[in-house]
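So the structure is just underneath, and the comments pick up after that.
As a basis for the values below, the full set of heavy atoms in this structure was taken, side chains included, without hydrogen atoms, waters or symmetry mates. Keep in mind it's a predicted model, so treat the numbers as computed, not measured.
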Amino acid sequence: QTCALPISALVQQLRDEGRFVCFIGDGINDAIALKTAQASISLKGASTAATDTAQIIFMDGTLRNLHRVFGLVDEFEHTMRRNMVFSFAPGVLVIGGVLFFNFGVGIALAVQYASIFGELANVFWPLARHQKALPPAADAAHSPHPRPDHTYGERIMKDIFRQKTEHAAQVLAPVIRQTPLTLSAPLGELIGGQVWLKQENLQKTGCCKARSAYYMLASLSEAERRHVVTVSTGNNGVAMSWAMAALGIPGTVFLPHTVVPHKVRVIAENKVTIIREGQDIVDAEIVARAYAAEHGYTFRSPYNEWEAMYAQATIGKEIVEELDASGEAPDTLLVPVGGGGLIGGIAAYLRSIGREMKIVGVQPANSAVMALSVRAGRILNVLSLPTLSDATAGGVEQGAITYDFCRDQVDDYMVFSEEEIAEAMLYIHDRHGIIVEGAGALSIAALLQNPERFRGRKVALLLCGANVDSALLQRLRSAA
């Protein structure tokens with residue numbers, strides 16, 4: 001489900017160039033099938049010999065499925081550890097002549113002709129050998145790092161991502177607002193440079209999630225539209241309930257008990273079913289997925305969906321197109337980070353069109369799950385504390401497609417205290433008359449707390465949302 005579109009496009013590309021391609025499923029996702037001119041093979045019920053012929057090496061979460069399919073976990077794990085020599089995001093491996101995609105659902109493409117083995121190794125090796133060990137750090141940020149070399153395989157993936165983003169922009173154009181990009185004189189003076197504010201706080205539903213919600217739902221088949229289940233810390237629920245109403249799709253929104261009452265009321269206004277579950281979005285998501293499976297409904301994640309990333313990437317597309325038209329070129333982009341769909345999508349698109357600006361993710365210290373996970377080299381199960389940046393709060397689903405993008409396409413991360421977020425919320429209101437929620441203020445906090453770091457730079461930053469209770473701003477001002 002998560003990778004059918006990118007893989008189908010890649011299969012077509014390989015076929016057009018005369019490469020032999022066979023699609024191999026893991027025996028768990030039997031419904032997934034790609035039609036190729038040569039062969040389509042399912043590992044379910046296949047023999048060990050057939051697997052050896054295909055030279056498939058399974059990794060990570062896929063090993064859990066091997067016991068169900070073959071009962072040969074130990075043997076395969078030994079083979080994996082002996083033969084796996086390199087990997088790169090978004091989960092692509094080249095092992096023994098096999099091009100393998102690991103998106104957490106055990107789906108692989110095997111490219112088997114011996115005549116192209118040498119070519120495959122030469123094509124993918126420079127990129128694939130890039131496997132970082134993130135340095136220790138006192139905070140949640142990781143040091144800037146070089147991105148992998150541009151290779152044939154990476155160019156294909158970049159082309160696919162760019163094309164999908166452009167399609168998302170076309171679908172969204174009649175529906176969402178192309179929000180303004182406002183030059184900020186006060187912030188520009190603070191850093192001795194230029195600062196532009198991408199005002200998604202003025203987007204429909206009051207947040208950038210309107211883009212991903214509408215595009216995800218608009219991309220569903222008629223059968224999938226029967227009923228949609230999602231999960232949210234607030235803004236995705238607001239946006240999904242709006243999109244459900246706009247497209248006439250019945251839905252259920254799971255919310256952790258930590259979601260602020262203001263956002264719960266807004267979601268309820270769109271006449272969707274609301275179910276409260278758990279204290280963290282990951283807890284709520286587990287129950288939401290089980291609920292959808294039990295009832296035969298469609299589940300859509302707030303961030304862990306390709307369509308969500310394509311849609312959020314349209315923000316980056318708008319930023320560069322507007323600044324290009326005015327002859328400006330930002331060298332730094334500040335983006336709030338939660339599950340990584342927003343920054344991952346924007347970063348992937350900007351890299352796909354050759355923009356090498358520095359991309360920095362900003363998170364609350366009370367819930368810096370992605371930043372900590374990137375530093376650790378794996379997705380962590382980290383306790384999140386209450387934060388003003390509730391829209392970015394909570395954990396990251398294991399196997400999330402966003403993680404590799406956040407690890408490999410984002411240059412750095414910065415985290416901020418609750419006091420610093422509150423200061424930024426009040427600053428942007430006082431200096432610009434703009435109301436933003438905590439997540440929307442994270443990028444402002446980056447400049448206020450680190451002006452020297454951005455001295456003389458041209459910075460574009462994202463104000464991602466404005467769904468905040470006016471009473472909260474009053475309380476922050478009273479406490480300041």
Side-chain angles (χ1 to χ4, degrees), residues 139 179-191 195-209 232-239 255-267 269 334-338 342 360-368 384-394 414-454 459-480:
D139 58 17
T179 51
L181 192 62
T182 307
L183 188 65
S184 171
L187 288 171
E189 182 179 353
L190 175 69
I191 67 168
V195 177
W196 292 272
L197 314 175
K198 179 58 173 173
Q199 290 193 245
E200 284 293 290
N201 58 298
L202 300 179
Q203 188 56 265
K204 289 183 179 179
T205 75
C207 65
C208 62
K209 288 287 189 180
S232 177
T233 59
N235 279 353
N236 180 65
V238 171
L255 303 173
H257 290 287
T258 51
V259 176
V260 296
H262 167 70
K263 293 185 179 181
V264 177
R265 289 194 298 270
V266 175
I267 295 169
E269 289 173 1
L334 300 175
V335 184
V337 182
L342 176 61
V360 180
V362 287
Q363 286 198 287
N366 278 6
S367 186
S384 291
L385 300 175
T387 175
L388 290 168
S389 182
D390 59 287
T392 65
M414 303 173 69
V415 299
F416 301 98
S417 68
E418 294 304 291
E419 293 75 17
E420 290 166 341
I421 297 171
E423 179 185 347
M425 292 173 69
L426 296 176
Y427 177 93
I428 195 67
H429 182 256
D430 292 344
R431 295 301 186 95
H432 284 281
I434 295 174
I435 295 176
V436 295
E437 58 189 282
L442 287 168
S443 298
I444 303 295
L447 299 184
L448 294 182
Q449 303 303 322
N450 302 271
E452 291 305 315
R453 176 172 178 170
F454 300 98
V459 180
L461 59 83
L462 178 58
L463 306 180
C464 61
N467 289 323
V468 60
D469 191 341
S470 58
L472 173 60
L473 286 176
Q474 295 174 4
R475 291 196 298 273
L476 295 179
R477 194 170 298 281
S478 298

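Between Met425 and Glu437 the shortest heavy-atom distance is CE-C, 4.0 Å. Across all non-hydrogen atoms, the minimal contact from Leu334 to Ser443 is O-OG, 3.3 Å. Nearest heavy-atom pair, Val362 versus Phe416, reported as atom, atom and distance to 0.1 Å: CG1-CE1, 3.8 Å. The two atoms that bring Ala424 and Ala445 nearest to each other are CB-N, 3.6 Å, heavy atoms only. Residue Leu473 comes nearest to Leu426 through the heavy atom pair O-CD2, 4.1 Å, listed as atom of the first residue, atom of the second, then distance. Of all heavy-atom pairs spanning Val468 and Val436, the tightest one is CG1-O, 4.0 Å.
For the pair Ser367 (side chain) and Ala393 (backbone), a donor-acceptor distance under 3.5 Å is absent. Panel note: side chain Asn467, backbone Thr205; a donor-acceptor pair is recorded below 3.5 Å. A donor-acceptor pair is defined here as one N or O able to donate and one able to accept, closer than 3.5 Å; such a pair exists between the side chain of Glu420 and the backbone of Ser417. Remark: side-chain polar atoms of Asn235 are not paired, donor with acceptor, to backbone N or O of Cys207 under 3.5 angstrom. Listed for the Ser389 side chain is no donor-acceptor partner under 3.5 Å among the backbone atoms of Pro364. Without hydrogens or angle criteria, Thr387 side chain to Asp390 main chain gives no donor-acceptor distance under 3.5 Å.
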- Derivation of the salt bridge (charged side-chain N to carboxylate O under 4.0 Å, His left out) call for Asp469 and Lys263: CA-CA 9 Å; Asp469 191 341; Lys263 293 185 179 181; over 6 Å; no
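Remark: Gln449 CD is packed, more than 12 non-hydrogen atoms of other residues, nucleotides or ligands lying under 6.0 Å away.
Taken from CD in Gln203 to NZ in Lys209, the straight-line distance is 13.0 Å, to the nearest 0.5 Å.
For the residue pair Glu200/Thr179, the side-chain donor-acceptor check at 3.5 Å is satisfied.
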